[in-house]
Every structure is written in structure tokens, then in C-alpha cells.
Amino acid sequence: MDKVVLFDGVCNLCQASVQTLIKLDKKKSLKFASLQSNFGQELLSDLNIEQDNFKTFIYLSNKQVYTRSTAAIQVFSDFGGAWKLVRIFYIVPKFIRNAVYDFVSSNRYKWFGKKEACWIPTPELKSRFLD
């Protein structure tokens, strides 16, 4: 398992982001798991991140762990081609990128809403999700 995206399974913004990644991932190289899933909870524990902290976005790629704004930049740049241009955001200092990320993350339920339960993928997408 080389590339895994972990996201807040009840967040509407997060679900929309995952659906966008699925559409962009023509090679079907990404796997997905909610932070609330067994896989997500074990990973949070392994990374010493609070297991009820669903404000982070985690991207695992080739044994590297990326979080927050860095995860977002890295997952898109890994698509290659023109998507590599998102790496330009690395010129913005990480503390600034993460401050913006944290601001959006703290307000995402208010702005975009949330579900009562984690999003369940369609049967054809089920194989791309980990539990």
C-alpha cells in the first residue's frame, strides 16, 4: 500500500475533496480511509496524534507521512504533469500554510456542514477504501 489518504469521514468538505481526488486519480493508485475507521484510528495512535483529532488530513506516500497543508500539496503534485505546479505553494512558509489550513479546518463544519455518519463509498469504489 503505497499511497493512502486519510480524511474526516463526516466532513462535507473532506468528502468532496476525496471525490475530487478519486476523479483525478486516473491510475487508481490512491487508497482512502476515514480518520474514524479502524485503520485511521490505528494510524493516529501510531503517529501519536489524538484519536479524536479529525481536523487533520494525512497522506501516506512511499513510507512518508504528510499532514495538513503539506499533505494537500503533496497528494496533488503526485498526480504529475501540470499538477506538479502546486508545489509552488511550498514557497509559502509552512507555519503560514498550516495557519490557513487550521483556520479552514476549524470552520469547515460551519461553512460546509457535516454528516451524521461517515460517508459510505459506492460498491464500485469500495475496493479503494481501507477499514
Side-chain angles (χ1 to χ4, degrees):
M1 168 175 29
D2 290 332
K3 298 179 179 184
V4 180
V5 172
L6 286 101
F7 64 99
D8 179 353
V10 299
C11 168
N12 288 338
L13 173 62
C14 304
Q15 291 174 23
S17 299
V18 166
Q19 290 172 10
T20 298
L21 291 174
I22 289 169
K23 288 177 188 169
L24 294 173
D25 185 20
K26 304 297 183 202
K27 295 179 184 176
K28 298 183 182 233
S29 61
L30 294 175
K31 297 284 186 185
F32 302 90
S34 73
L35 292 164
Q36 294 91 338
S37 69
N38 291 333
F39 181 88
Q41 288 292 290
E42 287 176 22
L43 183 70
L44 289 173
S45 177
D46 291 347
L47 296 174
N48 293 318
I49 298 173
E50 295 173 33
Q51 288 177 282
D52 60 351
N53 176 0
F54 304 128
K55 289 184 176 183
T56 193
F57 172 74
I58 299 173
Y59 178 49
L60 307 173
S61 178
N62 302 317
K63 299 182 182 170
Q64 292 280 79
V65 178
Y66 303 95
T67 61
R68 298 161 63 198
S69 66
T70 304
I73 293 168
Q74 194 63 43
V75 73
F76 281 100
S77 68
D78 278 358
F79 287 131
W83 285 106
K84 287 191 176 199
L85 294 175
V86 300
R87 290 183 180 181
I88 193 143
F89 289 108
Y90 280 130
I91 65 170
V92 176
K94 189 175 182 177
F95 77 93
I96 294 173
R97 287 188 282 116
N98 282 339
V100 172
Y101 178 94
D102 291 343
F103 178 72
V104 173
S105 179
S106 294
N107 291 288
R108 70 194 190 284
Y109 293 153
K110 181 172 41 174
W111 296 341
F112 301 98
K114 71 184 231 181
K115 306 275 188 226
E116 292 300 314
C118 287
W119 173 58
I120 299 174
T122 62
E124 53 272 0
L125 292 177
K126 191 83 169 147
S127 66
R128 301 198 50 203
F129 283 77
L130 308 169
D131 185 57

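The shown structure was predicted, so the numbers you read here are calculated from the model rather than taken from an experiment.
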Item to check | Contacts of Arg68 that satisfy side chain to side chain donor-acceptor pair (under 3.5 Å) - sequence neighbours left out | outcome: Asp102
Item to check | Heavy-atom side-chain proximity of Leu60 to Asp2 below 4.5 angstrom | outcome: no
Next on the checklist: Taking side chain to side chain donor-acceptor pair (under 3.5 Å) as the definition, give me every residue that meets it alongside Thr67, ordered by chain and number, with sequence neighbours left out.
Outcome noted: none
Next on the checklist: Please enumerate all residues that pass side chain to side chain contact (heavy atoms under 4.5 Å, CB included) together with Asn107, with sequence neighbours excluded.
Outcome noted: Phe103, Lys110, Trp111
Checklist entry - Are the side chain of Ser34 and the backbone N or O of Ser37 linked by a donor-acceptor pair below 3.5 Å? => result yes
Item to check | Straight-line distance of Arg87 CZ to Ser77 OG, nearest 0.5 Å | outcome: 4.0 Å
Checklist entry - Measuring from Arg108:CZ to Ser17:OG, what's the distance to the nearest 0.5 Å? => result 10.5 Å
Checklist outcome for this item: Residues passing the side chain to side chain donor-acceptor pair (under 3.5 Å) test with Arg128, sequence neighbours excluded, are Asp25
Next on the checklist: Would a single hydrophobic cluster contain both Leu47 and Phe39, if residues Ile, Leu, Val, Met, Phe, Trp and Tyr are joined by side-chain heavy-atom contacts under 4.5 Å?
Outcome noted: yes
Item to check | Non-neighbouring partners of Thr70 that pass side chain to side chain contact (heavy atoms under 4.5 Å, CB included), sequence neighbours left out | outcome: Tyr66, Tyr90, Lys94, Arg97
Checklist entry - What do you reckon, is CZ of Phe89 surrounded by more than 12 foreign heavy atoms closer than 6.0 Å? => result no
Checklist entry - Would you say the side chain of Ile22 lies within less than 4.5 Å of the side chain of Phe32, judging by non-hydrogen atoms? => result yes
Item to check | Side chain to side chain, Tyr59 and Leu30, heavy atoms closer than 4.5 Å | outcome: yes
Item to check | Side-chain heavy-atom pair Leu35, Leu44 within 4.5 angstrom cut-off | outcome: yes
Next on the checklist: Test of understanding: clusters of I, L, V, M, F, W, Y form through side-chain heavy atoms closer than 4.5 Å, transitively. Do Leu24 and Phe129 belong to the same one?
Outcome noted: yes
Checklist entry - Do Asp78 and Gln74 pass the side chain to side chain donor-acceptor pair (under 3.5 Å) test, and can you show the C-alpha distance, the side-chain angles, and the key distance before you say yes or no? => result CA-CA 6 Å; Asp78 278 358; Gln74 194 63 43; 3.0 Å; yes
Item to check | Residue pair Tyr101 / Thr56: nearest heavy atoms and the distance that separates them | outcome: OH-C, 3.3 Å
Checklist entry - What is the minimum heavy-atom distance between Cys14 and Cys11, and which atoms define it? => result SG-SG, 2.9 Å
Checklist entry - Atom CG in Leu13, atom CZ in Phe112: separation rounded to 0.5 Å? => result 4.5 Å
Checklist outcome for this item: Ile88 meets the side chain to side chain contact (heavy atoms under 4.5 Å, CB included) criterion, sequence neighbours left out, with Ile91
Next on the checklist: Quick check against the 3.5 Å criterion: does Gln36 have a side-chain atom that pairs as donor or acceptor with the backbone of Gly9?
Outcome noted: yes
Checklist entry - Is there side-chain contact between Ile49 and Ile58, with heavy atoms separated by less than 4.5 Å? => result yes
Next on the checklist: Between Gln15 and Asp8, is the side chain to side chain donor-acceptor pair (under 3.5 Å) condition met? List the steps.
Outcome noted: CA-CA 8 Å; Gln15 291 174 23; Asp8 179 353; over 6 Å; no
Checklist entry - If you round to the nearest 0.5 Å, how far is CZ of Phe57 from OG of Ser69? => result 11.0 Å
Item to check | Shared hydrophobic cluster, Val104 / Leu21 (ILVMFWY, side-chain heavy atoms < 4.5 Å) | outcome: no
Checklist entry - Is the backbone of Lys28 close enough, under 3.5 Å, to the side chain of Lys31 for a donor and an acceptor to pair up by distance? => result no
Item to check | Shortest non-hydrogen contact between Ser105 and Lys55, atoms and distance | outcome: OG-O, 2.9 Å
